[in-house]
Amino acid sequence: MLAGGQSLISIMKLRLAAPNALIDINGITELSYIREENGVIAIGALTRHDELARNRIIQEKCCLLAEAANLIADQQVRNRGTIGGSLAHADPTADLPTACVAMNASIITRSEERSRTVASSGFFQDFFTTELKQDEIIQEVRIPIPPPRSCGAYMKLAKGHNDFALVAVAVQMSLGSGGRCNAISVVLAGVGSTPTHATETEKLLKGQVIDDRLISQASLKAAEGLTLNPDFRASTKLKLKLVRTLTERTLRTAVSRARGGD
Ligand SMILES: Cc1cc2nc3c(=O)[nH]c(=O)nc-3n(C[C@H](O)[C@H](O)[C@H](O)COP(=O)(O)OP(=O)(O)OC[C@H]3O[C@@H](n4cnc5c(N)ncnc54)[C@H](O)[C@@H]3O)c2cc1C
């Protein structure tokens, strides 16, 4: 299936995929939309990265997704690439899968016979491998609209300005009475085979009034329990440093926004 072609064409050129037939879904314009309905933001699978980055609903209610989309590659790639293609491709260093897991998104799949709702947390199974069945396509992504006093941030470190992430961090949080953190999601890209929760960081922050000292402490725990495999771009030691530093920066921004700053 061909959506934006930004990943598929590359892997076909590299002879890593050689499909017998290719169905171009770009003509199904009904699959390109962003709308608010029944407490969720519904995003059609053919929505381009550039539309996500510029859309007012996404910017206001789900700013980390707009930020993630805006950090993908360059304008040319953002004009063509689609959210459905990015999620189906499931590159562990890609930006939208990480952002969707942090936003607790659901993925609506469709086959001739049935429609399924799959939690994004269970959708990504391994490197470039998803829960999608052979006869299914991604139809829609649904993001629950966060309660008031919620906000997020997305940051990424890459070698070049239009590169995939060495490490990226998505933070989404909600504050409750007395400024306590009611809910928090900290999700990392580039540290494993799928988007990965920094669970020790989340545990330390949930239920607390978050201050700078706590953010520093929690960031040091971001890679706890994770195996940071070295790759051709970064050693384990460098990745650990990047994860901690970037988690701290992203948390500070998200907290400041949730309190009404920035
Ligand atoms: C130079 C370059 C730099 C890039 N940098 C980044 C980056 O920094 N961050 C980042 O996140 N991404 C990056 N990308 C990838 C880009 O975001 C792609 O657009 C995205 O991964 C795939 O989306 P697509 O619409 O182009 O899908 P395609 O390439 O058309 O398809 C990819 C795969 O998904 C399947 N597919 C497509 N749509 C659906 C659907 N609705 N349901 C089921 N399966 C479907 C296809 O069959 C194929 O297997 C980069 C790409 C390029 C070329």
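Just follow the structure's listing: the first ligand is 1, and inside any ligand the first atom is 1. Position 1 is the first residue of the sequence; numbering continues from there.
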Minimal non-hydrogen separation, Ala68 against Ala99, with atom names: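 So the two residues come closest at CB-CB, 3.9 Å.
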
Look at the side-chain heavy atoms of Ile, Leu, Val, Met, Phe, Trp and Tyr, link any pair under 4.5 Å apart, and say whether [X] and [Y] land in one connected group.
X	Y	value
Leu228	Val169	yes
Val186	Leu71	no
Leu226	Leu242	yes
Val101	Met173	no
Val243	Leu238	yes

For [atom], find the nearest protein heavy atom and state the residue, atom name and distance (0.1 Å precision).
atom	answer
atom 48 (C) of ligand 1	Met1 O, 4.0 Å
atom 53 (C) of ligand 1	Gln6 O, 3.2 Å
atom 12 (N) of ligand 1	Phe164 CE2, 3.3 Å
atom 37 (C) of ligand 1	Gly85 CA, 3.4 Å
atom 24 (P) of ligand 1	Gly4 N, 3.5 Å

[X] heavy atoms, cut-off 4.0 Å: which ligand 1 atoms fall inside?
X	value
Ala88	34 (O), 35 (C), 36 (N), 43 (C), 44 (N), 45 (C)
His49	16 (C), 17 (O), 18 (C), 19 (O)
Lys156	7 (C), 8 (O), 9 (N)
Thr82	23 (O), 24 (P), 25 (O)
Asp95	7 (C), 8 (O), 9 (N), 10 (C), 11 (O)
Asp163	8 (O)
Ala45	41 (N)

Are there over 12 heavy-atom neighbours, none belonging to [X], within less than 6.0 Å of that residue's [atom1]?
X	atom1	result
Leu14	CG	yes
Lys133	NZ	yes
Arg116	CZ	yes

Proximal candidate to [atom] [heavy atom criterion; set [options]]:
atom	options	answer
atom 22 (C) of ligand 1	Ala99, Pro19, Ser7	Ser7
atom 2 (C) of ligand 1	Asp24, Ile23, Ile137, Val77	Val77
atom 28 (P) of ligand 1	Gly5, Ala73, Ala17	Gly5

Side-chain heavy atoms of Phe123 within contact of Ile138, under 4.5 Å: yes

Lys239 and Pro230, any side-chain heavy atoms less than 4.5 Å apart: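 Pro230 vs Lys239: side chains apart.
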
Gln75 and Arg78: side chain donor to acceptor below 3.5 Å: yes

Under 3.5 Å between some N or O of ligand 1 and some N or O of [X]?
X	value
Ile138	yes
Leu8	yes
Gly81	no
Arg80	no
Ile25	no

